[in-house]
Amino acid sequence: MYSNYVVGPDNAIHITMKSIPKSDTNSELWGNKDYVYHRDGTKQWNYIKQNAIFSEVYSGYKKLYTAHDFTQFSDDAFKHMTIKSNGFNGYIISYKGDNSDVIKSMQKATTVAPTSDPQSTNVKNIDLRISTNRKEQLTDMYYKITYNTKKEGTLTLHLYDINKVKKLTVPSSVTKNAKKLNFKLN
């Protein structure tokens with residue numbers, strides 16, 4: 001599954017999800033503080049007014065891609081990482097391996113591999129690259145986690161253009177023809 005998320009100010013979000021090979025799980029979503037617009041394989045845009053449950057899911061998506069707290073890394077974990085200057089741009093922090101201190105710190109620092117996830121308890125190794133500017137603000141982050149449950153799998157995340165999205169709005173081509181979904185909670 002390949003996903004592309006753009007998180008903007010004012011609770012705006014744009015998500016595209018594609019399966020490789022192609023499947024019926026391909027979808028696209030636009031959202032703002034009031035409405036969520038969704039398009040699946042039918043190519044028809046539908047919308048729902050946000051409710052409490054969707055707001056929870058929505059905020060979960062946003063947190064997944066914006067909540068990274070690297071102060072959670074232990075001093076022991078940092079000892080295994082390399083820090084290099086990236087010219088006048090900033091710094092690159094990197095690590096590749098299976099050190100348990102780094103794995104535990106990564107689990108604390110990000111919500112992508114929470115400790116309740118069975119995959120995260122079976123992490124084999126991590127490939128991590130974090131870029132910051134000279135003010136030590138996050139600008140780019142890539143990591144690939146290889147885990148082993150019943151068979152080996154990977155989770156790859158690349159966040160880029162961090163803090164560069166100044167405006168994100170739902171296009172009028174989406175809102176104008178969207179049909180309201182009757183969404184009821186049981």
Side-chain angles (χ1 to χ4, degrees), residues 1-20 27-33 55-117 119-148 152-171:
M1 176 71 80
Y2 169 80
S3 301
N4 187 40
Y5 293 72
V6 180
V7 178
D10 300 325
N11 292 320
I13 193 166
H14 180 222
I15 303 170
T16 53
M17 290 184 253
K18 295 180 181 177
S19 291
I20 301 170
S27 63
E28 183 175 6
L29 178 140
W30 282 92
N32 58 31
K33 63 182 176 62
S55 292
E56 284 293 317
V57 172
Y58 180 83
S59 66
Y61 272 129
K62 190 167 182 180
K63 183 178 180 184
L64 184 66
Y65 292 93
T66 58
H68 297 91
D69 181 4
F70 294 103
T71 62
Q72 297 290 322
F73 271 70
S74 69
D75 290 341
D76 290 333
F78 275 120
K79 290 176 188 175
H80 297 280
M81 304 176 91
T82 59
I83 299 175
K84 294 182 181 178
S85 174
N86 187 14
F88 291 113
N89 295 330
Y91 305 95
I92 298 175
I93 303 160
S94 59
Y95 173 80
K96 188 171 188 173
D98 61 358
N99 179 272
S100 62
D101 290 323
V102 176
I103 291 170
K104 286 177 189 172
S105 291
M106 188 68 182
Q107 290 168 331
K108 288 180 183 177
T110 179
T111 58
V112 173
T115 53
S116 62
D117 182 348
Q119 295 170 348
S120 70
T121 59
N122 296 306
V123 172
K124 285 178 63 176
N125 61 48
I126 293 178
D127 181 2
L128 172 67
R129 286 186 306 275
I130 301 168
S131 299
T132 68
N133 60 21
R134 287 281 177 191
K135 295 177 182 176
E136 299 178 7
Q137 296 167 323
L138 187 64
T139 59
D140 191 278
M141 182 174 71
Y142 167 88
Y143 58 86
K144 180 178 180 179
I145 299 172
T146 304
Y147 57 88
N148 195 5
E152 187 172 293
T154 60
L155 171 66
T156 305
L157 176 74
H158 184 197
L159 300 176
Y160 55 92
D161 293 339
I162 297 170
N163 297 318
K164 299 234 171 135
V165 178
K166 302 296 182 206
K167 184 176 182 182
L168 184 66
T169 57
V170 180

Pairwise side-chain contact, [X] with [Y], heavy-atom cut-off 4.5 Å (strictly under):
{"X": "R129", "Y": "K96", "answer": "no"}
{"X": "L128", "Y": "M81", "answer": "yes"}
{"X": "L168", "Y": "W30", "answer": "yes"}
{"X": "I103", "Y": "I126", "answer": "yes"}

>> Test of understanding: with ring pair (Phe, Tyr, Trp, His ring centres under 6.0 Å), list the residues that count as partners of Y95, not counting sequence neighbours.
In response: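 Listed in chain order: nothing, the list is empty.
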
Grab the two heavy atoms, one from [X] and one from [Y], that are nearest each other, plus how far apart they are.
{"X": "S94", "Y": "T82", "value": "OG-OG1, 2.7 Å"}
{"X": "K167", "Y": "T169", "value": "CE-CG2, 3.9 Å"}
{"X": "A77", "Y": "S105", "value": "CB-OG, 3.4 Å"}

> Looking at CD1 of I93 and CD1 of I130, how far apart are the two atoms once the value is rounded to the nearest 0.5 Å?
Replying inline: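 Going from CD1 on I93 over to CD1 on I130, the span is 5.0 Å.
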
Can I get a per-line list of side-chain donor-acceptor pairs under 3.5 Å for residues 84-92, giving both atom names and the distance, sequence neighbours left out?
residue : atom : partner : partner atom : Å
S85     : OG   : G87     : O            : 3.3
Y91     : OH   : R134    : NH1          : 3.2

> Is atom CD of Q137 surrounded by more than 12 heavy atoms (other residues, nucleotides or ligands) closer than 6.0 Å?
Replying inline: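 Yes, CD of Q137 has more than 12 neighbouring heavy atoms, counting only those of other groups under 6.0 Å.
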
>> Taking side-chain hydrogen bond (donor to acceptor under 3.5 Å, both in side chains) as the cut-off, I'd like each qualifying pair that reaches into residues 153-162, sequence neighbours left out, listed once.
In response: D140-H158

> So S131 and T139, side chain to side chain donor-acceptor pair (under 3.5 Å) or not? Walk me through it.
Replying inline: CA-CA 6 Å; S131 299; T139 59; 4.8 Å; no

